[in-house]
Amino acid sequence: MEQRSSLDPVPTWVPASGHALRHAGIHFDAVRAIGLLGEQIAYEIMQFTDFQAGPIVRSGIGERSMFFLLPPRTVAAYRWPPGTEALSRDGRGAAFVGVPALDGATWPLDWRSRPTAEVPYVDPGLLHELTLGVLARSS
């Protein structure tokens, strides 16, 4: 995959075309939320941030997950509840996240919310708080 230059306002980990696997814990950490839980969390954080949530990748196959991309080395600061999965570099093995290009054919991945120069990552504290709120309302 062709990489973007570091002078481009698009993060270098976003491929120029198609999609690519990126190792969680290098350019970003991630939280995966499956199915309706992921959809609801994405909706809540988009509403709360006036649609400036930071990068959220949606997978359209299998369990249809949302991947919330956080700053590197931040996911371990929180205890993520059941229904979510923290992805980073740790002793349990490597975790990879599919990242789509900003334009063109990227199926089965697409952006629910794109990274921007102003909001390059999802805020981990806000994501954690909203995730707990969504789970509390659904139980």
Side-chain angles (χ1 to χ4, degrees):
M1 288 279 138
E2 178 184 336
Q3 294 286 316
R4 297 178 185 276
S5 75
S6 61
L7 299 176
D8 195 327
V10 176
T12 58
W13 45 265
V14 175
S17 63
H19 50 78
L21 289 176
R22 300 291 187 236
H23 190 200
I26 303 290
H27 301 290
F28 53 79
D29 283 356
V31 172
R32 176 182 181 223
I34 300 169
L36 291 176
L37 175 62
E39 291 285 345
Q40 187 62 40
I41 295 168
Y43 174 81
E44 294 283 334
I45 200 164
M46 295 290 290
Q47 292 293 311
F48 190 87
T49 62
D50 197 26
F51 297 91
Q52 299 296 314
I56 304 171
V57 175
R58 177 174 34 206
S59 174
I61 59 171
E63 296 175 295
R64 299 186 184 264
S65 300
M66 292 284 182
F67 293 86
F68 301 85
L69 307 186
L70 314 178
R73 296 171 299 285
T74 59
V75 77
Y78 300 90
R79 189 171 180 182
W80 297 95
T84 63
E85 180 181 12
L87 304 171
S88 189
R89 291 182 79 166
D90 61 22
R92 295 178 298 176
F96 292 89
V97 175
V99 176
L102 294 179
D103 299 303
T106 63
W107 190 88
L109 303 173
D110 69 337
W111 291 103
R112 178 69 172 89
S113 176
R114 294 174 179 226
T116 64
E118 298 80 26
V119 189
Y121 299 104
V122 172
D123 179 276
L126 177 60
L127 177 64
H128 187 258
E129 181 181 332
L130 292 174
T131 299
L132 293 176
V134 166
L135 287 169
R137 285 191 303 277
S138 67
S139 57

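Residues: numbered from 1 along the sequence shown.
- For the pair Ile41/Leu127, a side-chain contact is recorded, criterion being any heavy-atom separation below 4.5 Å from C-beta on.
- Classified by interplanar angle (parallel below 30°, tilted 30° to 60°, perpendicular above 60°), the ring pair Phe28/Trp13 is perpendicular.
- Residue Tyr78 qualifies as enclosed at atom OH: its count of foreign heavy atoms under 6.0 Å is above 12.
- Panel note: side chain Thr84, backbone Ala33; no donor-acceptor pair is recorded below 3.5 Å.
- At distances below 3.5 Å, at least one donor-acceptor pair connects side-chain atoms of Asp29 with backbone N or O atoms of Thr74.
- Within the 4.5 Å cutoff, side-chain heavy atoms of Trp111 are placed close to those of Val14.
- Note on Phe67 and Val99: same hydrophobic cluster, where clusters join Ile, Leu, Val, Met, Phe, Trp and Tyr whose side-chain heavy atoms are under 4.5 Å apart, directly or indirectly.
- Using a 4.5 Å heavy-atom cutoff, the side chains of Pro100 and Arg58 are not in contact.
- With Val134 as the partner, the side chain to side chain contact (heavy atoms under 4.5 Å, CB included) test is satisfied by one option alone out of Glu129, Glu44, Glu39: Glu44.
- One N or O on the side chain of Trp80 and one on the backbone of Val75 form a donor-acceptor pair closer than 3.5 Å.
- Other residues, nucleotides and ligands place no more than 12 heavy atoms under 6.0 Å from the OH atom of Tyr43.
- Contact of the Ile45 side chain with the Ile56 side chain is registered, since non-hydrogen atoms from C-beta on lie closer than 4.5 Å.
- Judged by distance alone, the side chain of Arg114 and the main-chain N or O of Leu102 form a donor-acceptor pair under 3.5 Å.
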